[in-house]
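Heads up, the thing below is written out as structure tokens.
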Amino acid sequence: MPDLLDKIVSLAKQRGLIFQSSEIYGGMAAIYDYGPLGVELKRNVKERWWQAMVYQNDDVVGLDAAIMMHPEVWKASGHLDAFNDPMIDDRQSGHRYRADELIEEHAASLRSDGEDEEAARVEEQLAEARRADDPNEAFYDIIHEEEIRGPDSGAFDWTAVRNFNLMFASNYGPASDSTVYLRPETAQGIFVNFRNAQETARQHLPFGIAQIGKAFRNEIVARQFVFRTREFEQMEMQYFLKPGEEEDAFQRWKEKRMNWHVENGVRPERLRWHAHDQLSHYAVAAEDIQYQFPMGWKELEGLHSRTDFDLEQHEEHSGKKMSYYDPWEEERYTPYVVETSAGLDRTILMLLCDAYTEDEISGDERTVLQLHPELAPYRAAVFPLVKKEGMPERAHEIERDLRQHFNVMYDERGSMGKRYRRMDEAGTPFCITVDGQTMEDGTVTVRDRDTTEQDRVPAENVATYIFDASRGWTPDGA
RNA sequence: GCGGGGAUAGCUCAGCGGUAGAGCGUCACCUUCCCAAGGUGAGGGCCGCGGGUUCGAAUCCCGUUCCCCGCUCCA
């Protein structure tokens with residue numbers, strides 16, 4: 001099944017869904033652009049998420065925070081410290097160590113062997129290395145001169161020493177006088193706006209803040225098409241609540257989030273929950289929604305019970321009160337947070353994988369994207385059966401009417417069969433054809449993408465017909 | 001980042017020292033009253049990029065960028 005991903009990459013390129021970034025210059029690793037069809041799919045996914053999260057929950061409000069934030073935010077969140085260390089890899093074991101700690105441990109073991117002078121010399125070198133212009137090279141030299149071996153493998157097979165900066169840094173201000181970071185997650189924009197949103201939206205706890213936006217991470221390994229990219233988009237919601245109520249909220253959002261994916265037409269048997277074995281420092285519970293991608297079960301969306309860690313951190317670092325006063329209970333507390341965080345690009349990839357189908361109609365193979373009609377880039381296509389007898393004009397009229405409701409493609413080129421196949425590959429669920437009978441009684445044929453069957457419908461009812469047929473669509477046509 | 005494989009037309013690929021090919025797709029015209037392969041024609045590639053070897057490089061060598069497969073964290 002690994003070639004399914006190859007097929008999807010080809011189709012995505014050919015049909016204008018997803019292109020490699022800066023392709024004409026040789027491309028940028030792990031960054032992708034969404035083409036004319038891809039942007040429609042992406043917008044539809046975002047729209048459905050916003051509908052489900054913000055409009056259908058009276059206790060959730062939206063937010064659109066900036067990508068650049070005060071650098072102190074990332075100190076408070078832990079991102080700055082946790083991901084800025086000199087690291088070295090042992091090629092034998094594949095394990096990664098902090099280069100400076102490796103040297104410290106080496107010195108300590110020398111000392112415990114009674115070689116105090118040697119230990120002191122190494123420690124002196126380490127101190128010098130830390131002050132060096134290129135500390136990483138200096139660390140590397142020490143490790144080599146001292147022949148420090150891999151603690152797990154006992155091997156002497158090191159990579160170079162490198163700093164792993166998770167965050168992209170940039171310069172803020174025309175004089176480039178201070179460093180800012182492109183956010184590695186959208187969540188912090190929500191946390192720092194907790195009080196603003198809560199008071200202005202006149203929300204009481206529990207309530208949530210939802211946001212869709214870009215985030216950036218210098219991933220060490222970035223691969224598998226748009227699954228793991230360095231610039232990506234998240235759909236996140238942080239739900240603030242009274243400590244003690246997190247378990248209920250966690251369960252409630254678990255159910256809602258899984259349902260959302262199923263309602264998008266994703267096959268339920270290819271979705272599952274996966275609980276984390278190890279929890280992050282900020283979480284007391286963490287479970288992922290995984291999808292069975294061609295390359296295996298992979299994380300799509302994370303649910304985390306984050307306690308009051310983030311708000312407490314921001315209260316400490318900013319000196320501003322981040323707690324909430326409950327007017328009924330007459331008590332003040334720092335809210336706990338339950339987070340739902342979905343990867344938009346991963347959702348797109350999942351939808352493409354789930355929708356990609358090769359089947360046979362009357363002996364001919366076809367490729368079809370069986371996307372949920374409400375997600376498909378084009379909801380409908382309009383064709384004149386032949387390019388004469390007034391059919392193109394009539395078809396254009398219908399096209400104009402339908403464009404008031406959704407994105408529509410008009411096509412009169414090639415044979416009918418070719419037009420249907422083109423639309424199958426784009427995932428267009430409905431193809432409307434103006435034929436001889438249309439000119440007589442005003443009815444058109446509506447051809448179903450999944451079954452290829454046709455219904456004859458009065459032209460003025462086509463929009464309603466499409467709305468009805470779109471609602472409650474399932475991949476099996478049930 | 002490490003190891004392995006690859007990069008030739010929009011897509012899938014052939015060519016592997018002697019001046020660039022196929023299928024599909026795209027475009028134009030014709031045909032066609034409904035499921036890609038009816039006709040005619042057209043456009044499209046300094047063979048990823050840079051350097052070297054050679055009389056001559058898509059083809060051999062080196063570097064680099066990008067892609068794919070394994071090893072690891074996350075949305």
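Just so it is clear: chains get the letters A, B, ... in the order the sequence lines come, proteins before strands, and each one is counted from 1. If you're wondering where the values come from, they're calculated on a predicted model, not measured in any experiment.
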Whole-Å distance, A:Arg413 CZ to B:C35 P, equals 21 Å
Taking atom CG of A:Leu17 and atom CG of A:Asp33, what is their separation to the nearest 0.5 Å? 13.0 Å
Which of B:C34, B:C33, B:A75 is nearest the side chain of A:Glu389? It is B:C33
From CA spacing to verdict: ring-ring contact (aromatic ring centres under 6.0 Å, His included), A:Tyr181, A:Phe168: CA-CA 6 Å; A:Tyr181 301 95; A:Phe168 284 84; over 10 Å; no
Residue closer to the 5' end of RNA chain B, A:Phe227 versus A:Lys418 (nearest nucleotide): A:Lys418
Is A:Glu358 close to A:Arg366 at the side-chain level, that is, under 4.5 Å between some pair of heavy atoms? no
Complement of B:U26, any strand, by Watson-Crick or G-U distances under 3.5 angstrom: B:A42
As its Watson-Crick or G-U partner within any shown strand, both distances under 3.5 Å, B:C35 has none
B:U59 versus B:G3 - spacing of their C1' atoms, nearest Å: 27 Å
Are the ring of A:Phe232 and the base ring of B:A75 both nearer than 5.5 Å at their centres and tilted by less than 30°? yes
Aromatic plane relationship, A:Phe191 with A:His314 - under 30° parallel, 30 to 60° tilted, over 60° perpendicular: tilted
Which residue lies more 5' along RNA chain B, comparing A:Ala342 with A:Gly26 via nearest heavy atoms: A:Gly26
Distance in angstrom units between A:Met295 CE and B:C74 C1', rounded: 13 Å
Roughly how far apart, to the nearest Å, are B:G45 and B:A9 at atom C1'? 5 Å
Side-chain donor/acceptor of A:Arg346 to base of B:C74, under 3.5 Å: yes
For B:U12, does either OP1 or OP2 sit under 4.0 Å from a side-chain N or O belonging to A:Ser10? yes
Close side-chain approach of A:Met416 to A:Phe383, heavy-atom, < 4.5 Å: yes
side-chain N/O A:Gln20 vs B:C67 OP1/OP2, d < 4.0 Å: yes
Using atom P of each nucleotide, how far apart are B:C55 and B:C46 to the nearest Å? 28 Å
What's the gap between B:U64 and B:G6 when it is taken at their C1' atoms, as a whole Å value? 15 Å
Sorted by number, the residues of residues 41-54 of chain A with heavy-atom contact under 4.0 Å to RNA chain B: none
When rounded to the nearest Å, what value does the distance between C1' atoms of B:A75 and B:C16 take? 44 Å
Could you give the distance separating B:A36 and B:G41 at their P atoms, to the nearest angstrom? 24 Å
Between B:A75 (P) and A:Gln234 (CD): distance, integer Å: 8 Å
Please check the phosphate of B:U32 (OP1 and OP2 only) for any side-chain N or O of A:Lys388 closer than 4.0 Å. yes
Where the side chain of A:Leu385 is defined as all heavy atoms beyond and including C-beta, which of B:C34, B:C35, B:C74 is the nearest nucleotide? B:C34
Indicate yes or no: at least one non-hydrogen side-chain atom of A:Val408 is less than 4.5 angstrom from one of A:Phe406. yes
Can you check the A:Arg366 CZ to B:C35 C1' distance for me, whole Å? 9 Å
Ignoring hydrogens and angles, tell me if any N or O in the side chain of A:Arg419 forms a donor-acceptor pair with the backbone of A:Ala381 under 3.5 Å. no
When only distance counts, do a donor and an acceptor, one from the side chain of A:Glu425 and one from the base of B:A36, lie under 3.5 Å apart? yes
Donor-acceptor contact present, side-chain A:Asn57 to main-chain A:Val60, <3.5 Å: no
Does B:G10 have its OP1 or OP2 closer than 4.0 Å to a side-chain nitrogen or oxygen of A:Lys13? no
Tell me which nucleotide, if any, is Watson-Crick or G-U wobble paired with B:A7 when both distances must be under 3.5 Å. B:U65
How is A:Thr186 classified with respect to the nucleic acid when contacts are heavy atoms under 4.0 Å: base, sugar-phosphate, or nothing? nothing
What integer number of Å spans the P atoms of B:A58 and B:U40? 34 Å
Nearest-Å distance once atom C1' is located in both B:U65 and B:U31: 48 Å
B:G70 pairs with, by Watson-Crick or G-U criteria that keep both distances under 3.5 Å: B:C2
Does B:A37 have its OP1 or OP2 closer than 4.0 Å to a side-chain nitrogen or oxygen of A:Ser415? yes
Please state whether the phosphate of B:U26, meaning OP1 or OP2, lies under 4.0 angstrom from any side-chain nitrogen or oxygen of A:Arg422. yes
Nearest heavy-atom neighbours spanning A:Gln370 and A:Trp473: O-CH2, 3.1 Å
